[in-house]
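Following: one structure in structure tokens, then a few remarks.
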Amino acid sequence: ASAARISDGQPVYSQKVMSLGTNSEIPDLDRSKDVTLAVLEGVGTLTVCDRTVTLTPGVFVFVPAGIPRSLKVQTTLNLLLIDCEPDPDMSESAWLMNFQL
């Protein structure tokens, strides 16, 4: 499933519920957009520059555009992926939150 919000004819953000299979990987997630991942089920790792974050249910990660990122899946991984065009006036760094589900 996916959805996009439209503003002045341009998508502001898109959101997708994704299911990635065991041992799959995305070696280079799109760096041109800000990306937010919310893990629903499963286990994987997200590498942001030289830091690796374990993805488990309840983990919520934001990575701004321009920062290298890759995703590896250990077990089937279900997540909500939200991407949007970067705001050139904001200088943000990646951040992580972990919610207990």
Side-chain angles (χ1 to χ4, degrees):
S2 67
R5 180 176 160 179
I6 305 297
S7 174
D8 299 328
Q10 297 296 319
V12 175
Y13 69 87
S14 69
Q15 53 192 6
K16 302 169 195 82
V17 175
M18 298 178 67
S19 182
L20 303 170
T22 301
N23 297 322
S24 62
E25 61 182 274
I26 302 174
D28 189 20
L29 283 171
D30 184 3
R31 291 187 209 181
S32 68
K33 297 183 179 182
D34 292 344
V35 171
T36 303
L37 300 171
V39 181
L40 305 172
E41 292 180 295
V43 177
T45 57
L46 177 70
T47 301
V48 179
C49 292
D50 59 354
R51 182 174 178 203
T52 299
V53 174
T54 300
L55 300 176
T56 57
V59 170
F60 186 88
V61 181
F62 170 78
V63 184
I67 295 178
R69 68 238 23 206
S70 63
L71 179 67
K72 291 185 180 180
V73 178
Q74 279 77 45
T75 68
T76 299
L77 187 65
N78 296 316
L79 53 88
L80 173 64
L81 183 136
I82 302 168
D83 61 26
C84 67
E85 297 300 322
D87 184 341
D89 296 328
M90 293 182 71
S91 60
E92 294 193 49
S93 58
W95 52 268
L96 163 75
M97 296 174 71
N98 191 353
F99 296 97
Q100 189 68 26
L101 294 179

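The figures that follow rest on heavy atoms only: side chains count, while hydrogens, waters and symmetry mates do not. Since we're looking at a predicted model, the values are computed, not measured.
- In this structure, Leu20 CG and Gln74 CD are separated by 11.5 Å, a value rounded to the nearest 0.5 Å.
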Show me the donor-acceptor pairs, under 3.5 Å and distance only, between side chains in residues 58-70 and residues at least two apart or in other chains.
unit_1, atom_1, unit_2, atom_2, d
Arg69, NE, Ile67, O, 2.8
Arg69, NH1, Asp30, O, 3.2
Arg69, NH1, Lys33, O, 3.3
Arg69, NH2, Lys33, O, 3.4
Arg69, NH2, Pro64, O, 2.6
Arg69, NH2, Ile67, O, 3.4

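- With sequence neighbours left out, the side chain to side chain contact (heavy atoms under 4.5 Å, CB included) criterion links Asp28 to Arg31.
- Under the side chain to side chain contact (heavy atoms under 4.5 Å, CB included) criterion, Thr75 pairs with Val43, not counting sequence neighbours.
- The side chain to side chain donor-acceptor pair (under 3.5 Å) test applied to Asp50 returns no partner, not counting sequence neighbours.
- Proximity of Gln15 to Thr36: side-chain heavy atoms (C-beta onward) are nowhere separated by under 4.5 Å.
- Screening residues 38-47 for side-chain hydrogen bond (donor to acceptor under 3.5 Å, both in side chains), with sequence neighbours left out, gives Glu41-Asn78, Thr47-Thr52.
- Proximity of Val39 to Thr56: side-chain heavy atoms (C-beta onward) are nowhere separated by under 4.5 Å.
- In this structure Lys72 satisfies the salt bridge (charged side-chain N to carboxylate O under 4.0 Å, His left out) test with no other residue, sequence neighbours excluded.
- We find the OG-CG distance between Ser19 and Leu77 to be 8.0 Å, quoted to the nearest 0.5 Å.
- Annotation: the span from Leu71 atom CG to Ser24 atom OG amounts to 7.0 Å, rounded to 0.5 Å.
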